[in-house]
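The structure under discussion appears below in the form of structure tokens.
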Amino acid sequence: MSDQPIHLSPSGPPETVLPQVSADLRTRLIEALAEPLELRRRVVSTVVADHPTFLDGWACIGDLSEPGVDAYMAYRVGYHRGLDALRANAWRGSGYVRWARESNRGFLRCLAGLARQARLIGEINEAVRCEQFLIQLDPTGDASI
């Protein structure tokens with residue numbers, strides 16, 4: 001056990017809010033999601049290929065993928081892109097990333113999807129880790145979608 005003191009602030013852990021994406025990018029995703037179901041995943045993937053850091057796009061690819069390994073891969077990429085984005089926005093491995101902030105939802109959706117798909121493919125330890133991480137990031141439970 002460490003003998004270093006833990007410093008808590010009266011306001012609680014810090015909160016990180018990811019930046020909003022452009023309205024044009026949001027519109028492209030909405031249009032891609034309006035495509036016929038048989039084309040939807042491919043068109044959303046094209047949007048994400050043009051903007052590979054677009055977390056909502058990765059979450060949508062995961063949502064549109066076959067359950068199991070295919071969805072797991074998309075959510076995992078989105079999760080790691082999200083960690084990169086959080087770190088670039090002053091997150092240091094702890095603190096809140098709340099669902100109430102719309103710009104955080106792509107990352108949280110990827111994390112929740114990763115937890116579900118990890119459980120589905122038998123990666124129980126990873127599923128539990130992701131579920132616990134969701135609770136740590138947003139204890140309100142809103143992010144457990």
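Screening residues 29-55 for salt bridge (Lys or Arg N to Asp or Glu O under 4.0 Å), with sequence neighbours left out, gives R28-D50. Applying the salt bridge (Lys or Arg N to Asp or Glu O under 4.0 Å) test to pairs two or more places apart or on separate chains, those with a residue in residues 68-90 are R76-E126, D84-R87. Applying the salt bridge (Lys or Arg N to Asp or Glu O under 4.0 Å) test to pairs two or more places apart or on separate chains, those with a residue in residues 13-25 are E15-R101.
Atom CG in L134 sits 4.0 Å away from atom CG in L111 (nearest 0.5 Å). Note that CG of L83 and CZ of F107 are 4.5 Å apart. Values are rounded to the nearest 0.5 Å. Rounding to the nearest 0.5 Å gives a distance of 11.0 Å between SG of C60 and CG of L55. Q117 CD to E123 CD: the interatomic distance, rounded to the nearest 0.5 Å, is 12.5 Å. Here CG of D56 is found 11.5 Å from CD1 of I61. Values are rounded to the nearest 0.5 Å. Here OG1 of T46 is found 11.0 Å from NE2 of H51. Values are rounded to the nearest 0.5 Å.
The two residues G95 and P13 have their closest heavy-atom pair at CA-CB, 3.9 Å. Considering all non-hydrogen atoms of both residues, G62 and A71 come closest at O-CB, 3.6 Å. Scanning both residues, G78 and C110, for their nearest heavy atoms gives CA-SG, 3.6 Å. When all heavy atoms are compared, the tightest approach of L120 to G68 is CD2-N, 3.4 Å. Nearest approach of S94 to P14, heavy atoms of both residues: O-CG, 4.4 Å.
Every residue meeting the side chain to side chain contact (heavy atoms under 4.5 Å, CB included) condition with P139, not counting sequence neighbours, appears here in chain and number order: Y96, R98. Under the side chain to side chain donor-acceptor pair (under 3.5 Å) criterion, N104 pairs with no residue at all, not counting sequence neighbours. For I135, there are no side chain to side chain contact (heavy atoms under 4.5 Å, CB included) partners at least two apart in sequence or on another chain. Under the salt bridge (charged side-chain N to carboxylate O under 4.0 Å, His left out) criterion, R129 pairs with no residue at all, not counting sequence neighbours. Under the side chain to side chain contact (heavy atoms under 4.5 Å, CB included) criterion, Q136 pairs with F133, not counting sequence neighbours.
D138 places no side-chain N or O within donor-acceptor distance of the main-chain N or O of V97, the cut-off being under 3.5 Å.
A single hydrophobic cluster is not seen to contain both W58 and L108; linkage of ILVMFWY side chains at heavy-atom distances under 4.5 Å, directly or through other members, places them apart. Residues L33 and V48 are members of one and the same hydrophobic cluster, defined by side-chain heavy-atom contacts under 4.5 angstrom among Ile, Leu, Val, Met, Phe, Trp and Tyr. Note: the hydrophobic cluster containing Y75 does not contain V47 (ILVMFWY, side chain heavy atoms under 4.5 Å, direct or indirect links). In terms of hydrophobic clustering, with Ile, Leu, Val, Met, Phe, Trp and Tyr side chains grouped at heavy-atom distances under 4.5 Å, L114 and L86 are assigned to a common cluster. At a threshold of 4.5 Å between side-chain heavy atoms, the hydrophobic network of Ile, Leu, Val, Met, Phe, Trp and Tyr places W99 and W91 in one connected group.
The hydrophobic cluster containing L39 also includes V43, under a criterion of side-chain heavy atoms closer than 4.5 Å among ILVMFWY residues, counted directly or through chains of members. Counting side-chain heavy-atom gaps under 4.5 Å among Ile, Leu, Val, Met, Phe, Trp and Tyr, the cluster of I124 also holds V128.
V21 places a side-chain heavy atom less than 4.5 Å from the side chain of F54.
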